[in-house]
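The block underneath contains the structure these notes are about, expressed in structure tokens.
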Amino acid sequence: MISESERNQLVTAAVKARCNAYSPYSKFKVGAAVMANSGKIHAGCNVENASYGLTICAERSAIFKAVSEGEIRLKALVLCLEGGGSPCGACRQVIHEFGPGIPVLTCDPTGRILTETTLDQLLPEAFGPEDLGN
Ligand code: THU
């Protein structure tokens, strides 16, 4: 669970990060922000490439920034996009690694909340670190 104030901070960060989207090919801008257990927010955007398959989504961009700073426990994610949408399958798997079951919210570029769900609902019966048995 996150507080109202934490949610507002995440929305603000995701909206802002979306402005930095590098998406000349799809023209689709996405921003994401995650809150680590420390309370710190890490934000990211989608970054495309002329070699299309190398594109990274906003969610993974934000999560990898968090992990790069030593933050491997996440407590919420907000995704900012226009016209609705939901994290892609690859991103759901990566969210599960660092934030199993966390709240996942979407908002539009004005910061209006569009959807609110949890990773458990988005990726039931997820494969995770515990399944490796080590
Ligand atoms: N995209 C994201 O950043 N996150 C998602 O969950 C879905 C898709 C990006 C990838 C690509 O740059 C653009 O949106 C169109 O697929």
Side-chain angles (χ1 to χ4, degrees):
M1 277 296 293
I2 50 166
S3 69
E4 190 74 28
S5 137
E6 288 174 327
R7 167 200 290 226
N8 292 340
Q9 290 172 54
L10 276 169
V11 167
T12 300
V15 168
K16 188 170 170 214
R18 181 180 169 276
C19 298
N20 293 327
Y22 178 75
S23 52
Y25 308 108
S26 72
K27 320 272 191 228
F28 190 67
K29 292 172 168 282
V30 188
V34 291
M35 179 167 283
N37 273 0
S38 67
K40 188 170 172 193
I41 289 176
H42 304 267
C45 59
N46 55 331
V47 182
E48 299 184 345
N49 192 276
S51 176
Y52 293 175
L54 299 183
T55 292
I56 184 167
C57 293
E59 300 92 312
R60 278 176 287 150
S61 196
I63 291 170
F64 294 161
K65 277 176 69 182
V67 174
S68 300
E69 294 193 20
E71 307 239 60
I72 60 167
R73 298 276 170 254
L74 306 179
K75 57 180 184 177
L77 179 145
V78 171
L79 182 64
C80 176
L81 28 65
E82 185 134 45
S86 184
C88 80
C91 288
R92 292 176 193 205
Q93 181 65 33
V94 172
I95 297 167
H96 177 73
E97 183 82 15
F98 303 105
I102 61 169
V104 175
L105 288 75
T106 65
C107 70
D108 71 12
T110 71
R112 185 171 63 96
I113 301 290
L114 300 172
T115 62
E116 184 162 5
T117 184
T118 66
L119 207 267
D120 283 340
Q121 287 177 287
L122 293 173
L123 191 67
E125 299 182 36
F127 182 86
E130 66 287 352
D131 295 308
L132 293 173
N134 46 10

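As a basis for the values below, the full set of heavy atoms in this structure was taken, side chains included, without hydrogen atoms, waters or symmetry mates. All values reported here derive from a predicted model rather than from experimental measurement. Just so you know, ligand 1 is whichever comes first in the structure, and atom 1 is the first atom listed for that ligand.
- Listed by chain and residue number, the protein contacts of ligand 1 are Ser26, Phe28, Val30, Asn46, Glu48, Thr55, Cys57, Ala58, Glu59, Ser86, Pro87, Cys88 (heavy atom within 4.0 angstrom).
- With a 4.5 Å cut-off on side-chain heavy atoms, Val104 and Leu122 count as touching.
- Looking only at side-chain heavy atoms (C-beta outward), Cys107 and Val78 come within less than 4.5 Å of each other.
- The stretch residues 26-41 participates, sequence neighbours left out, in these salt bridge (Lys or Arg N to Asp or Glu O under 4.0 Å) pairs: Lys40-Glu69.
- Counting only residues at least two apart or in different chains, salt bridge (Lys or Arg N to Asp or Glu O under 4.0 Å) contacts with residues 79-108 comprise Arg18-Glu82, Asp108-Arg112.
- Listed by first and then second residue, the ring-ring contact (aromatic ring centres under 6.0 Å, His included) pairs that reach into residues 28-68 are Tyr25-Tyr52, sequence neighbours excluded.
- Between Thr115 and Ser86, every side-chain heavy-atom pair lies at or beyond the 4.5 Å cut-off.
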